[in-house]
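Please read these numbers as outputs of a predicted model, since none were measured by experiment.
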Amino acid sequence: MTTAAHATTVNARISTRALLGSAAAAAPLWAVLSLTQAATREGFSLLRHPLSILSNGPLGWIQISTFLLTGVLTVIGSIGLRRVLRGTPGGVWAPRLTLLSGIGLIAAGAFVMDPADGFPTGTPLGTPSELTWPSYAHMAAGTLTFTSLIAANYVLGRHFSRTAERGRAIGSRVAATALLLGNGWAMSGGAAGTLTLAIGAITSMMWISAVAARYRSREA
C-alpha cells in the first residue's frame with residue numbers, strides 16, 4: 001500500500017470512529033441530563049410528568065438543548081452506522097431509522113409541549129383544556145422518534161440474528177419491546193405511564209448507543 005493510500009485509509013477509519021462516537025455518546029448524554037433534571041427540578045414527578053415537559057420554565061432551555069444536542073449526535077452517528085453496517089442484513093434500514101429518530105429528537109427540541117399537571121410550579125393540575133400547535137408538533141416529533149427507535153432496534157435484532165450473535169439479537173429485541181410496551185402503556189393512560197415511557201425510551205436509545213460503541217471499538 002502506498003503512503004497516500006495508507007493515509008486515506010487511516011483518515012477514513014478515524015472519521016468513522018468519530019461518527020460512531022457521536023452515536024455512542026447520544027443516549028448517555030440524554031439519560032444523564034434528563035434524569036438529573038427530573039430528580040432536581042421543583043414540582044417535577046416522573047410518575048406524572050413526561051421528560052419532555054422539562055422544556056418549560058426558566059430552566060427549560062436545558063432540556064431543549066438536550067433534545068437538540070442528542071438529536072444532532074444521533075444524526076451524525078447514523079452516518080457511522082451506515083458505513084459499518086453496509087452490505088449486511090439490516091445495513092440499510094437500521095442507519096436510516098436511527099437518522100429519523102435523530103431528526104425527531106431535534107424537532108422535539110424545536111417544539112415545546114405545553115405546561116401541565118402542576119409543572120412548572122404554579123401550573124394548574126390536570127391536562128390543559130386546549131393544546132397549542134407547538135405541543136401537537138412536539139407529540140408528532142415524539143411519535144416519529146419512538147417509532148423509528150422501535151423499528152431500528154427490531155432491524156438490529158434481525159441483523160444480529162443473521163450474523164449469529166444471539167445475545168445481541170435478544171438485546172435488540174428487548175430494547176425495542178421495552179419502548180413499544182412503555183409507550184403503549186403511557187398512551188393507554190396506564191398508571192405511571194410517564195415512567196414506563198421514560199424507561200422504554202432510555203432503554204431503546206441506550207441500545208443504539210451500545211451498538212455504535214461496539215462497532216467503534218472494532219474500528220480501532
Closest approach of [X] to [Y] (non-hydrogen atoms, all atoms of both residues):
{"X": "Leu20", "Y": "Gly80", "result": "CD2-C, 3.5 Å"}
{"X": "Asn183", "Y": "Leu197", "result": "OD1-CD1, 3.6 Å"}
{"X": "Gly193", "Y": "Ala186", "result": "O-CB, 3.3 Å"}
{"X": "Thr70", "Y": "Trp30", "result": "OG1-CB, 3.8 Å"}
{"X": "Pro128", "Y": "Asp114", "result": "CG-CB, 4.3 Å"}
{"X": "Ala94", "Y": "Leu85", "result": "CB-CD1, 4.1 Å"}

Value rounded to 0.5 Å, distance of [atom1] in [X] from [atom2] in [Y]:
{"X": "Met113", "Y": "Leu54", "atom1": "CE", "atom2": "CG", "result": "10.0 Å"}
{"X": "Leu59", "Y": "Thr40", "atom1": "CG", "atom2": "OG1", "result": "8.0 Å"}
{"X": "Trp185", "Y": "Ile199", "atom1": "CH2", "atom2": "CD1", "result": "13.0 Å"}
{"X": "Thr74", "Y": "Leu100", "atom1": "OG1", "atom2": "CG", "result": "11.5 Å"}
{"X": "Leu99", "Y": "Ile79", "atom1": "CG", "atom2": "CD1", "result": "8.0 Å"}
{"X": "Arg216", "Y": "Arg17", "atom1": "CZ", "atom2": "CZ", "result": "4.0 Å"}

Quick one: does any side-chain atom of [X] pair with a main-chain N or O of [Y] as donor and acceptor, under 3.5 Å?
{"X": "Ser135", "Y": "Thr132", "result": "no"}
{"X": "Thr196", "Y": "Gly182", "result": "yes"}
{"X": "His159", "Y": "Pro89", "result": "yes"}
{"X": "Ser209", "Y": "Met206", "result": "no"}

Are [Y] and [X] linked, directly or through intermediate hydrophobic residues, by side-chain heavy-atom contacts shorter than 4.5 Å (ILVMFWY only)?
{"X": "Leu19", "Y": "Val72", "result": "yes"}
{"X": "Val174", "Y": "Leu179", "result": "no"}
{"X": "Ile53", "Y": "Leu46", "result": "yes"}
{"X": "Leu68", "Y": "Val32", "result": "no"}
{"X": "Val112", "Y": "Ile103", "result": "yes"}

Heavy-atom check, side chain of [X] versus side chain of [Y], under 4.5 Å:
{"X": "Leu105", "Y": "Met205", "result": "yes"}
{"X": "Phe119", "Y": "Asp117", "result": "no"}
{"X": "Trp93", "Y": "Leu97", "result": "yes"}
{"X": "His49", "Y": "Thr194", "result": "no"}
{"X": "Arg48", "Y": "Leu125", "result": "yes"}

* **Among Arg173, Arg166, Arg168, the one residue meeting side chain to side chain donor-acceptor pair (under 3.5 Å) with Ser161** =>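 The single option meeting the side chain to side chain donor-acceptor pair (under 3.5 Å) with Ser161 is Arg173.
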
* Structure fact -> Given the options Ser34, Ser55, Ser52, Gln63 meets side chain to side chain donor-acceptor pair (under 3.5 Å) only with Ser34

* **Residue pair Phe160, Ile170: steps toward the side-chain contact (heavy atoms from CB on, under 4.5 Å) verdict** => CA-CA 9 Å; Phe160 288 123; Ile170 293 173; over 6 Å; no

* **Criterion side-chain contact (heavy atoms from CB on, under 4.5 Å) on Ile106 and Val75, from CA distance to verdict** => CA-CA 9 Å; Ile106 293 170; Val75 168; 4.2 Å; yes

* Residues forming a side chain to side chain contact (heavy atoms under 4.5 Å, CB included) with Ala38, sequence neighbours excluded -> Phe44, Leu51

* Considering only NZ, NE, NH1 and NH2 on the basic side and carboxylate oxygens on the acidic side, decide whether Arg214 and Glu165 come within less than 4.0 Å. => yes

* Under 3.5 Å side-chain donor-acceptor pair for Ser172 and Trp207 ->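 Yes.
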
* To do: Report the relative orientation of the aromatic rings in Trp133 and Phe111; use parallel for angles under 30°, tilted for 30 to 60°, perpendicular for over 60°.
  =>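 Geometry flag for Phe111 against Trp133: perpendicular rings.
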
Exercise answer: donor-acceptor pairs, residues 148-158 side-chain atoms, under 3.5 Å, sequence neighbours excluded:
unit_1 : atom_1 : unit_2 : atom_2 : d
Ser148 : OG     : Leu144 : O      : 2.7
Asn153 : ND2    : Leu149 : O      : 3.2
Asn153 : ND2    : Ser204 : O      : 3.3
Asn153 : ND2    : Ser204 : OG     : 2.6
Tyr154 : OH     : Thr177 : OG1    : 2.7

